[in-house]
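A note on names: the letters A, B, ... follow the listed sequences, proteins ahead of strands, and every chain is numbered from 1.
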Amino acid sequence: MTDRFDTISFLSDFGLTDEFVGVVHSVIRSIAPQVTVIDITHGIAPHDTRAGGLALARSANYLNPGVVLAVVDPGVGTSRRPVAIEVGDGMSVLVGPDNGLLAPAVGMVGGATRAVELMSSDHRLVSLGSTFDARDIFAPAAAHLCNGVPISDLGPEIDPVTLIPGVLPVSREDHGAFVGEVLWIDRFGNCQINIDPTEIETLGDRLRLSIGDDHRTAVRCDAYDQIAAGRVGLIVDSSGLMSIAVARSSAATELGLREGSELRLSRFDDSEPSGISSPVTLTRNKDR
Amino acid sequence: MTDRFDTISFLSDFGLTDEFVGVVHSVIRSIAPQVTVIDITHGIAPHDTRAGGLALARSANYLNPGVVLAVVDPGVGTSRRPVAIEVGDGMSVLVGPDNGLLAPAVGMVGGATRAVELMSSDHRLVSLGSTFDARDIFAPAAAHLCNGVPISDLGPEIDPVTLIPGVLPVSREDHGAFVGEVLWIDRFGNCQINIDPTEIETLGDRLRLSIGDDHRTAVRCDAYDQIAAGRVGLIVDSSGLMSIAVARSSAATELGLREGSELRLSRFDDSEPSGISSPVTLTRNKDR
Amino acid sequence: MTDRFDTISFLSDFGLTDEFVGVVHSVIRSIAPQVTVIDITHGIAPHDTRAGGLALARSANYLNPGVVLAVVDPGVGTSRRPVAIEVGDGMSVLVGPDNGLLAPAVGMVGGATRAVELMSSDHRLVSLGSTFDARDIFAPAAAHLCNGVPISDLGPEIDPVTLIPGVLPVSREDHGAFVGEVLWIDRFGNCQINIDPTEIETLGDRLRLSIGDDHRTAVRCDAYDQIAAGRVGLIVDSSGLMSIAVARSSAATELGLREGSELRLSRFDDSEPSGISSPVTLTRNKDR
């Protein structure tokens, strides 16, 4: 039995106000003290498996080989399966609930090469209740994998095709325009959308952004600070997707966008006969 | 002088917005670079020694042997004593202010076997002010203990019976019912109460939950997702205590509970002659 | 090529809700797995380079020798320079944007001994967008420096005098009084001001604190808990600067102070002919 992995990348919806994250770190250290745990984030909104799955997918290309421990688990204690999913022929293993959370990241790295249900009582903690599987089931499994315990020792193999898929919204073309939605609003209020930069290349550098009945002019740019005051920018963000941004303020607040909001990008002149647009007047954030 | 401990578990009310936690980590690393620091949580409400003591006690069974550094310290700079408390005949040492914060955890692991007041000027930083003992006194003491400095070198021994006790609320029986209070509301709004699952076994699986003049039916269950919409669940939580929960929402918000709120659990039929109850209509969270 | 540094101290305005910080940790570990990363704080207000610079300066004396990675970068992707600044003849290197953020800390430790612009494509990640230089430029540079890559390999040398200075507000004397402003409000609501304790020694232990037209009596003290209820205290804080505090509550809330608020400290009796003052009645925080 040799050390197999030296890194656990950990994401959850636990927040940092309670001791949940610290206890999971402690459990990992008690089983596999040599392992480094990297906290991806614990700020996923409670129970939001979609947001957790997206954060994991955005991070996937940058995570170190090893174990990914991801827990957003509203069904904890029910019959939903606790699983370990091997990817890249063993380069990494994702550990968490089988509820779609892990699916986008698994897909990004080429799909599952093997999966097991975490049923081995030798690799769980004896638990006082059934509400904290991250502590009692997932963290011990992750730590034992790092110690070189074969994935097959953690429970019966399951067919990867039976894993719950992640449901990610896809954009669609509609008469030359593109209809998508907001995937993610970051701390700065930038709104990542599910429209690929290459899709909208034919629309030019100046586009029409429609949110319900509200129409704006959006200008493609390469840096947030290129966006003029009062204007809306479209920028290829760090995930390689389009983001809607405004200058040194929150686009989400300015435009009333939320995660899941639908929007439409079309040619600027489709509905502007003159091809001329007056500057967009944005409502500025009230000073807080 | 050999390395004595390799882990410091760190809890505070410092939050993560300021640099307090980072500076404490830096001080520890400058004295004992080989040590791993695990952050239990820094989200204890400012000055709330009771909440800090409870979080530490909930974590205690899972912490690694070593030093526990816990700082919720409204009396910093006054005559309250900075202390190190040895437990388990030296398996671990708790370092922090003598204000009741450490007491519940010390009690859980069998009580203090030794204690000292942190008076040694050789094991403190020279400080610019008297407001940050975590940096200047507690972190250095924790780091020196990890380096193998004997606890007796850190200051004069004090009698453990003189340590300030933690004052934890106890539940009481009242004509076959149990009166307790909310110990902790977690990120998900689950309300942990100071009533032991074994105490209420005689009350059956369907109980009456009274909060002031508000009476609800509470149903015992094993998983949050077993709780039907609009119902209140009672679940043995990850600490082995009873928690009040609702389905995928915050029980605290639904029921108007806060930490310290009093409540009463009694037989369901004590006040329901027919033994039949209409479904509880809960006020749903307004969409934010 | 030998290991040069073993610690990266990391500060940003990224918050902990998104995965930004976790991704930066992952990138560092992928290049320099032996390095320990200490998070100073990621709670700097978005784009607030002044607050970030102050937090870094307050921390500077306690950071471990090594690399300081600091990113508050509203101009990411524009022509503002990404830089590495050597201080203490190589004891540490600060890495981040050249926008004034690093300047106060550089000044505190004696100024830059060398600086380069981070232009080497060998020491950057290939990036999908231009919005996350912390991941693509700054973290790789920090990690390579730890691996012993000479600073001169990271890009062309630049003259330290061309680095953007930090603009820190200075206090001024005005007819024997001192006019300053709030530099920082911490989690507890204590208000650090830019007035040195030695400056106001001649004003005595009981001073007049003026905030606009609002005049209060402020009493010098050595511990927060020495401040009587309803009184305002002046205390030498952990940075060695004056802080305004109230007993177990937020001075910022009680006094309506914000970062940048101007205030004035003068002799108590300058405007109180009788030398007697009625107790200040503070508006208590409403119970939440």
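Proximity of a side-chain donor or acceptor of Thr78(C) to a complementary backbone N or O of Asp225(A) within less than 3.5 Å is not detected. Panel note: side chain Asp18(C), backbone Asp186(A); no donor-acceptor pair is recorded below 3.5 Å.
Contact of Asp6(A) with chain C is made through backbone and side chain together, with heavy-atom distances under 4.5 Å. Contact of Ser243(A) with chain C is not made at all, since no heavy-atom distance falls under 4.5 Å. In this structure, chain C has heavy atoms under 4.5 Å from both the backbone and the side chain of Leu63(A). Both the backbone and the side chain of Ile40(A) come within less than 4.5 Å of a heavy atom of chain C. The part of Ala45(C) that comes within reach of chain A is its backbone (N, CA, C, O), which places non-hydrogen atoms under 4.5 angstrom from that chain. With a threshold of 4.5 angstrom between heavy atoms, Ile185(A) approaches chain C through N, CA, C or O but not through any side-chain atom. Of the two parts of Asp237(A), the backbone and the side chain both hold a non-hydrogen atom closer than 4.5 Å to a non-hydrogen atom of chain C.
Of the listed residues (Pro65(A), Gly43(A), Ser238(A)), the one with the most heavy-atom contacts under 4.5 Å to chain C is Ser238(A). Counting heavy-atom pairs closer than 4.5 Å to chain A, the top-ranked of the candidates Gly75(C), Gly129(C), Pro74(C), Ser130(C) is Pro74(C).
Interatomic distance, NE2 of His25(C) versus CG of Asn64(A), reported as 12.0 Å (0.5 Å rounding). The OG atom of Ser30(C) sits 8.5 Å away from the CD1 atom of Ile38(A) when rounded to the nearest 0.5 Å. A distance of 10.5 Å separates CZ in Phe132(C) from CZ in Arg58(A), rounded to the nearest 0.5 Å.
The shortest side-chain heavy-atom distance between Arg29(C) and Thr36(A) falls under the 4.5 Å cut-off. Residues Leu128(C) and Val236(A) fail the side-chain proximity criterion, which asks for heavy atoms closer than 4.5 Å.
Here Asp196(A) pairs with Thr198(A) under the side-chain hydrogen bond (donor to acceptor under 3.5 Å, both in side chains) rule; sequence neighbours left out.
Heavy-atom minimum distance, His47(C) versus Phe188(A): NE2-CD2, 3.6 Å. Of all the heavy atoms in Thr41(A) and Leu16(C), the pair that sits closest is OG1-O, 2.9 Å. Here the shortest heavy-atom pairing between Tyr62(A) and Arg135(C) reads OH-CZ, 3.1 Å.
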**OP:** Please assess Glu19(C) against Trp184(A) for the test side chain to side chain contact (heavy atoms under 4.5 Å, CB included), listing each intermediate value before the final yes or no.
**Re:** CA-CA 12 Å; Glu19(C) 72 278 9; Trp184(A) 170 46; 3.8 Å; yes
